[in-house]
Amino acid sequence: RILHNGEWSALNEAWFGLRLDLRITEIHFHPAENPDHEFIEITNSSTETADLSGVTFFDGIQFTFPNGIILEAGKSLVLVVNEIAFKEKYPDVPVSGTYTGRLRNEGERIALGTPTAELFAVTYNNKKPWPSATEGKGFSLVLKDSTGNADPTDPTNWRISTKPGGSPGDSDPDPRQDTDADALPDSWEYLHFGNLQQTAITDPDHDGYANLLEFALGSKPAKATSISHPAAGLHQGTHLTLTYRRPANLQGWTYRVEVSADLQAWQTGFTHVEILSTTPAGDEEIITARDTTPVSSSTSTRFIRLVIESP
């Protein structure tokens, strides 16, 4: 109100608040067991405590934080669709509110903001290039970097949760972790088997490829017809080639194409093998390499192979 010449102006209402750095860091939109297990996780990515009073969802679900809701720096809170059902599955996770509406299984835009500004928005999907394992397989959608400025509209900045059911209210475990020390990432074992009971040398689909090799080649270890065999070919009709798949951003592994004229002495390195192309393919990449020695009448026999070494 304004006092002018002894008279107060009419009442006006406005929203004032400090800059908020809130991010939606986990979305469980298609649970496997019970649709009422769905949830959204919100994280305060700033270095200061955030007052969430009046913060609301503009798109997707419907929820507005009441006055007095505080979220400490670096902490997360969870909103759910059905608190009773959620507590049955996650009894130790605090619930900060219950929203109305549902997260659409086929994807939608959800936006979080104040009455004066949009704070965070994402339009997720259940089809590639978004992680497809979120589609009714029990995995949640997790923002890879909850503290940085990664673009949430870019599907490559999201991944599936390490374990089925996600990790509401807490940081999702590193998908590269290997708690049973079998050289297979926990996230890969949970995705394909739902547990950590497999080993690197077993071959559950009996296709002749052990789990470790299935992981290295980006194939499905429980489906014999899915194996991604390295494929030999000819480049320009004169040079032997080899094309293979591997998980993108795989650390500590060595992939080496080698060539030979007699299956005894094998050679590698840029003087013997040339990389023709590296093509992104979702969570994988496709590499084609060629033998630098052409096939001719004087070198009529050439061999090429792929050697994979785990950490």
Side-chain angles (χ1 to χ4, degrees), residues 25-26 28 31-33 41 43 74 76 89-93 131-135 137-148 156-230 244-258 266 268 278 280-287 305-311:
T25 48
E26 189 169 1
H28 197 21
E33 301 171 354
E41 177 188 87
T43 299
S76 302
K89 183 172 180 61
Y90 309 95
D92 300 324
V93 179
S132 58
T134 54
E135 175 59 19
K137 297 180 181 179
F139 294 86
S140 63
L141 193 61
V142 177
L143 187 64
K144 292 180 180 178
D145 184 3
S146 62
T147 60
T156 62
N157 289 326
W158 296 81
R159 63 172 176 84
I160 64 168
S161 56
T162 297
K163 299 179 180 181
S167 54
D170 201 0
S171 297
D172 198 65
D174 188 336
R176 298 169 298 181
Q177 73 177 10
D178 180 17
T179 56
D180 55 352
D182 61 356
L184 298 171
D186 291 354
S187 58
W188 188 83
E189 292 189 72
Y190 279 120
L191 175 61
H192 293 288
F193 304 113
N195 55 57
L196 301 178
Q197 298 174 7
Q198 291 289 326
T199 67
I201 62 174
T202 53
D203 179 16
D205 59 359
H206 307 292
D207 62 356
Y209 287 78
N211 283 330
L212 191 63
L213 192 56
E214 299 256 27
F215 167 71
L217 294 175
S219 58
K220 298 179 180 179
K223 187 176 181 181
T225 57
S226 74
I227 182 65
S228 301
H229 295 280
Y244 63 95
R245 289 175 175 264
R246 69 183 182 195
N249 303 316
L250 188 61
Q251 298 179 356
W253 288 67
T254 300
Y255 291 73
R256 184 173 65 252
V257 175
E258 298 179 342
W266 290 91
T268 190
T278 300
D283 295 332
E284 300 174 346
E285 52 189 9
I286 304 172
I287 296 90
R305 71 181 183 183
L306 176 65
V307 179
I308 305 174
E309 297 178 355
S310 63

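Nothing here was measured: the structure is a model prediction, and the numbers come from that model.
Remark: Glu258 engages Arg256, Arg305 in a side chain to side chain donor-acceptor pair (under 3.5 Å) (not counting sequence neighbours). Applying the side chain to side chain donor-acceptor pair (under 3.5 Å) rule to Gln197 yields no partners; only residues at least two apart in sequence or on another chain are considered. Remark: Tyr209 pairs with His229 by the ring-ring contact (aromatic ring centres under 6.0 Å, His included) rule, at least two apart or across chains. Residues forming a side chain to side chain donor-acceptor pair (under 3.5 Å) with Asp145 (at least two apart in sequence, or on another chain): Thr147. Not counting sequence neighbours, the partners of Thr156 by the side chain to side chain donor-acceptor pair (under 3.5 Å) test are Asp154.
Across all non-hydrogen atoms, the minimal contact from Trp158 to Lys144 is O-CE, 3.4 Å. Residues Asn211 and Pro221 share a closest heavy-atom pair of OD1-CB, 3.4 Å. Closest approach of Ala222 and His192 over heavy atoms only: CB-O, 4.5 Å. The two residues Ala32 and Lys137 make their nearest non-hydrogen contact at CB-C, 4.0 Å. The minimum heavy-atom distance linking Ile160 with Pro131 is given by the pair CG2-CB, 3.4 Å. Residues Val257 and Tyr244 share a closest heavy-atom pair of CG2-CE2, 3.8 Å.
Rounded to the nearest 0.5 Å, atoms CG (Asn195) and CG (Asp186) are 11.0 Å apart. Atom-to-atom distance recorded for Leu306:CG and Tyr255:OH is 8.0 Å, nearest 0.5 angstrom. The distance from atom CG of Asp207 to atom OG1 of Thr225, rounded to the nearest 0.5 Å, is 9.0 Å. Rounding to the nearest 0.5 angstrom, the gap separating the CD atom in Gln198 from the CG atom in Asp203 is 9.5 Å. We find the CZ-CD1 distance between Arg246 and Ile286 to be 11.5 Å, quoted to the nearest 0.5 Å. Between the CG atom of Asp172 and the OG1 atom of Thr162 there is a distance of 4.0 Å, given to the nearest 0.5 Å.
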Side-chain donor-acceptor distances from residues 212-220 under 3.5 Å, at least two apart:
residue: Glu214; atom: OE1; partner: Ser219; partner atom: OG; Å: 2.4
residue: Ser219; atom: OG; partner: Glu214; partner atom: O; Å: 3.3

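With Glu26 as reference, Ser140 is the one residue of Ser76, Ser171, Ser161, Ser140 to meet the side chain to side chain donor-acceptor pair (under 3.5 Å) rule.
At least one side-chain heavy atom of Asp180 sits less than 4.5 Å from a side-chain heavy atom of Glu189. By the 4.5 Å heavy-atom criterion applied to side chains, Arg159 and Pro175 are counted as neighbours.
Remark: side-chain polar atoms of Asp178 are paired, donor with acceptor, to backbone N or O of Ala183 under 3.5 angstrom. A donor-acceptor pair is defined here as one N or O able to donate and one able to accept, closer than 3.5 Å; such a pair exists between the side chain of Tyr90 and the backbone of Gly165.
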